[in-house]
Amino acid sequence: MNFTEIALNRQSCRSYDEHRPVEEDKLQAVLEAVRLAPSACNGQPYHITVCRGQAAKDAAAACMGMGMNKFASQAPVVLVLSEEAYVPTAALGSKVKKNDYRSIDIGIAAAYLTAEAAALGLATCILGWLDDGKLRQLCGLTQPVRLVITLGYAKEGDPLRAKKRKDLTELVSYLEATP
Ligand SMILES: Cc1cc2nc3c(=O)[nH]c(=O)nc-3n(C[C@H](O)[C@H](O)[C@H](O)COP(=O)(O)O)c2cc1C
């Protein structure tokens, strides 16, 4: 698949085959994609906790507040993306430029992870509705959890949806000379 094909095939999966585990080599390939992702000052200020078995169920439960994300409990793997310390240059840049590079870096890592998963035929859903406190306790983390990603195989028959996105004219403007 080329990149456009991957982008069209990646979708938020909310229906997993609970009986189909993720092969170890595919899990490692997905994690390797994160390792290759770019980040501010190449600092890679994040950590991924791979939750499987009962830990996956517990991590999923921490994303189900107010009845949300019930499907997460079907996923055989739940990846918890938490912050790590900035490298000094990125910390300085973030402070001077008042820009949250860490969240940006975690977003890019999630994009790489989910794209590689799609390329391998795996299904993912990025979850931002999460209970930071519960996840930190479960995973033994001291830094904030920013995203959770469910990983598995989609249930047979789960349809590929057409992408509903804003028109490019809403997203992009072109500037060729300063006014
Ligand atoms: C930062 C972020 C947080 C998200 N949180 C949730 C979530 O908690 N639950 C959920 O079902 N989907 C969540 N999504 C998935 C989006 O709803 C989804 O990406 C968007 O509707 C586009 O659909 P698609 O991923 O199928 O192309 C999240 C996506 C992102 C990028």
Side-chain angles (χ1 to χ4, degrees), residues 1-37 46-84 102-165:
M1 279 197 267
N2 66 30
F3 182 75
T4 304
E5 289 165 337
I6 292 170
L8 290 169
N9 271 280
R10 187 222 53 83
Q11 65 180 8
S12 297
C13 175
R14 301 186 178 94
S15 177
Y16 292 92
D17 182 343
E18 296 185 62
H19 307 293
R20 192 166 170 199
V22 175
E23 299 87 342
E24 189 58 33
D25 60 326
K26 289 194 179 180
L27 173 64
Q28 291 308 315
V30 160
L31 297 172
E32 176 66 9
V34 173
R35 201 178 72 84
L36 296 176
Y46 36 71
H47 180 82
I48 302 172
T49 307
V50 178
C51 300
R52 293 184 276 203
Q54 187 55 45
K57 303 278 181 218
D58 294 344
C63 302
M64 291 184 199
M66 297 173 76
M68 297 282 283
N69 296 328
K70 288 195 178 118
F71 63 87
S73 64
Q74 304 167 348
V77 180
V78 176
L79 303 166
V80 176
L81 278 63
S82 56
E83 289 188 357
E84 279 291 330
R102 209 156 22 191
S103 286
I104 295 169
D105 292 341
I106 288 173
I108 294 170
Y112 269 54
L113 190 161
T114 54
E116 176 64 11
L120 294 170
L122 289 161
T124 55
C125 190
I126 300 170
L127 307 180
W129 184 266
L130 54 84
D131 186 320
D132 175 46
K134 283 185 185 165
L135 287 164
R136 280 201 219 188
Q137 195 173 19
L138 172 71
C139 302
L141 300 165
T142 54
Q143 301 291 316
V145 174
R146 293 298 178 205
L147 290 175
V148 165
I149 301 180
T150 49
L151 178 70
Y153 284 95
K155 245 185 212 145
E156 188 131 344
D158 191 40
L160 182 64
R161 302 182 296 272
K163 290 285 172 219
K164 271 207 304 199
R165 297 290 192 261

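Along the sequence shown, residues carry numbers from 1. Side chains are part of it too, since the values below use all heavy atoms of this structure and drop only hydrogens, waters and symmetry mates.
Remark: Ser103 engages Asp100 in a side chain to side chain donor-acceptor pair (under 3.5 Å) (not counting sequence neighbours).
Listed here is the closest heavy atom pair of Glu116 and Ala29: CG-O, 3.6 Å. Closest approach of Ala117 to Leu151, counting heavy atoms only: CB-CD1, 4.0 Å. Closest approach of Met1 and Ile6 over heavy atoms only: CB-CG1, 3.7 Å. A pairwise comparison of heavy atoms in Lys70 and Ser73 identifies O-OG, 3.2 Å as the closest pair. Looking at every heavy atom in both residues, Ile126 comes nearest to Ala110 through CD1-CB, 4.3 Å. Contact between Ala59 and Val78 at its shortest, heavy atoms only, is CB-CG1, 3.7 Å.
Taking CZ of Arg146 as the start and CD of Glu83 as the end, the distance is 4.0 Å to the nearest 0.5 Å. Between Leu130 atom CG and Arg136 atom CZ the span is 10.5 Å, to the nearest 0.5 Å. Interatomic distance, OH of Tyr153 versus SG of Cys13, reported as 12.0 Å (0.5 Å rounding). Between the SG atom in Cys125 and the CG atom in Leu147 there is a gap of 10.5 Å [rounded to 0.5 Å]. Note that the CG atom of Leu79 and the OG1 atom of Thr114 stand 11.0 Å from one another [nearest 0.5 Å]. The structure places CG of Leu135 at 6.5 Å from CG of Asp131, a figure rounded to the nearest 0.5 Å.
A donor-acceptor pair is defined here as one N or O able to donate and one able to accept, closer than 3.5 Å; such a pair exists between the side chain of Lys26 and the backbone of Leu120. No donor-acceptor pair closer than 3.5 Å links the side chain of Asn69 to the backbone N or O of Met64.
Between Leu81 and Tyr46, the closest side-chain pair of non-hydrogen atoms is not below 4.5 Å. With contacts defined as side-chain heavy-atom distances shorter than 4.5 Å, the pair Thr49/Leu138 does not qualify. Lys155 has its side chain within reach of Gln74: a pair of non-hydrogen atoms, C-beta onward, lies under 4.5 Å apart. When side chains are defined from C-beta on, Ile108 counts as touching Ile104, because their heavy atoms get closer than 4.5 Å.
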- Item | Working for side chain to side chain contact (heavy atoms under 4.5 Å, CB included), residues Leu141 and Val80 | CA-CA 10 Å; Leu141 300 165; Val80 176; 4.2 Å; yes
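Counting non-hydrogen atoms of neighbouring residues, nucleotides and ligands closer than 6.0 angstrom, the CD atom of Gln137 reaches no more than 12 such neighbours. Within 6.0 Å of CZ in Arg35 there are 12 or fewer heavy atoms belonging to other residues, nucleotides or ligands.
Among pairs with a residue in residues 7-22, those fulfilling side chain to side chain donor-acceptor pair (under 3.5 Å) read Tyr16-Thr150, at least two apart in sequence or across chains. Each side chain to side chain donor-acceptor pair (under 3.5 Å) pair with one or both residues in residues 50-66, not counting sequence neighbours, appears once here: Glu24-Arg52, Gln54-Asp58.
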